[in-house]
**Student:** 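Below is one structure. I have some questions about it.
Worth saying up front: this structure is predicted, and the values here are computed from it rather than measured. Every heavy atom of this structure was used, including side-chain atoms; hydrogens, water molecules and symmetry mates were not.
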Amino acid sequence: MKPKTSVNRPPTPDVLENPPEREPTLQELLNIKLIESGEKERLMELLRERLVECGWKDDMKALCRAFVKKQGRNNVTVDELVHVITPKGRASIPDSVKAELLQRIRTFLMSAAV
């Protein structure tokens, strides 16, 4: 007896056992160095501190609450909230915070000689 095949889904393509290796990008190399050195976690902590200090976190919390209140508590999913709030959050990060992080990354690059 022949096994049944799925009617709703096409067959899975054959997966290469040894995909061709590629060179990592500069961004990938930097990310690896940041993680290995522990600098990425320090940068994340600095970002959290600066965003709290400038009131950004409170602003985002207020935006979330207003959106949930407008839509109704039971009518909002986390994914929908993230989708709506993320662009506003990214756009409202103060330039001074961005500049400080960028400078710290540049300093790290110079010292690590990536």
Side-chain angles (χ1 to χ4, degrees):
M1 188 150 117
K2 186 177 177 184
K4 292 172 95 178
T5 58
S6 175
V7 177
N8 299 326
R9 186 175 70 188
T12 306
D14 293 334
V15 178
L16 294 173
E17 290 195 21
N18 293 323
E21 291 192 27
R22 62 172 181 77
E23 290 292 317
T25 64
L26 183 58
Q27 184 177 357
E28 290 169 338
L29 287 173
L30 174 59
N31 194 40
I32 290 167
K33 290 283 188 188
L34 285 168
I35 292 169
E36 288 175 350
S37 69
E39 185 66 14
K40 185 170 185 174
E41 190 56 42
R42 287 188 289 276
L43 289 170
M44 293 295 288
E45 186 57 36
L46 175 68
L47 178 60
R48 282 185 206 99
E49 288 173 14
R50 295 298 185 262
L51 291 176
V52 168
E53 287 171 5
C54 72
W56 180 91
K57 184 178 176 185
D58 294 332
D59 293 345
M60 291 302 102
K61 192 183 294 186
L63 279 173
C64 289
R65 287 187 176 167
F67 182 78
V68 170
K69 188 175 182 179
K70 180 181 174 187
Q71 297 294 320
R73 188 177 192 177
N74 297 325
N75 300 328
V76 177
T77 65
V78 173
D79 288 339
E80 184 180 13
L81 187 60
V82 168
H83 180 74
V84 169
I85 299 299
T86 297
K88 294 175 184 176
R90 286 185 178 157
S92 64
I93 295 173
D95 289 339
S96 60
V97 174
K98 293 176 187 177
E100 183 179 1
L101 281 173
L102 187 57
Q103 185 55 46
R104 289 277 301 264
I105 293 170
R106 284 183 178 140
T107 302
F108 174 79
L109 277 172
M110 296 305 240
S111 67
V114 173

**Student:** Report yes if the side chains of Ser92 and Met60 come closer than 4.5 Å at any heavy-atom pair, otherwise no.
**Tutor:**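 They are in contact (side-chain heavy atoms under 4.5 Å apart), so the answer is yes.
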**Student:** Are Ile32 and Phe108 connected in a single hydrophobic cluster, I mean Ile/Leu/Val/Met/Phe/Trp/Tyr linked by side-chain heavy atoms less than 4.5 Å apart?
**Tutor:**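 No, Phe108 does not connect to Ile32 through the hydrophobic network.
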**Student:** Answer yes or no: is there a side-chain heavy-atom contact under 4.5 Å between Leu30 and Leu26?
**Tutor:** no
**Student:** Roughly how far, to the nearest 0.5 Å, is the CD1 atom of Ile105 from the CE atom of Met110?
**Tutor:**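 Between atom CE of Met110 and atom CD1 of Ile105 there are 14.0 Å.
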**Student:** Rounded to the nearest 0.5 Å, what separation is found between the CD1 atom of Ile85 and the CG atom of Asp59?
**Tutor:**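 Answer for the CD1-CG pair, Ile85 versus Asp59, is 11.0 Å.
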**Student:** Around atom CD of Glu28, are there more than 12 heavy atoms of other residues, nucleotides or ligands at under 6.0 Å?
**Tutor:** yes
**Student:** Calculate, to the nearest 0.5 Å, the distance between atoms CG and CD belonging to Asn75 and Glu80 respectively.
**Tutor:** 8.5 Å
**Student:** Counting only heavy atoms not in Lys98 (residues, nucleotides, ligands), do more than 12 fall under 6.0 Å from its NZ?
**Tutor:**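 Count over threshold, so yes.
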**Student:** Between Glu45 and Arg42 (salt bridge meaning N to carboxylate O under 4.0 Å), is one present in this structure?
**Tutor:** no
**Student:** Would you compute the distance between atom NZ of Lys33 and atom CD of Glu39 and round it to the nearest 0.5 angstrom?
**Tutor:** 13.5 Å
**Student:** Quick check: closest heavy atoms across Val68 and Val76, and the distance to 0.1 Å?
**Tutor:**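 That would be CA-CG2, 4.2 Å.
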**Student:** Starting from Leu109, can I reach Leu34 by hopping between I/L/V/M/F/W/Y residues whose side chains sit under 4.5 Å apart?
**Tutor:** yes
**Student:** Can a donor-acceptor pair be found, under 3.5 Å and without considering hydrogens, that links the side chain of Trp56 to the backbone of Arg50?
**Tutor:** no
**Student:** Is there a path from Val97 to Leu46 through hydrophobic residues (I, L, V, M, F, W, Y) whose side chains come within less than 4.5 Å of each other?
**Tutor:** yes
**Student:** For the atom pair CG (Leu47) and CZ (Arg104), what is the distance rounded to the nearest 0.5 Å?
**Tutor:**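 Output value for this atom pair is 11.0 Å.
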**Student:** To the closest 0.5 Å, what do you measure between CD (Glu36) and CG (Asn31)?
**Tutor:**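 Reported to 0.5 Å precision, the distance equals 10.0 Å.
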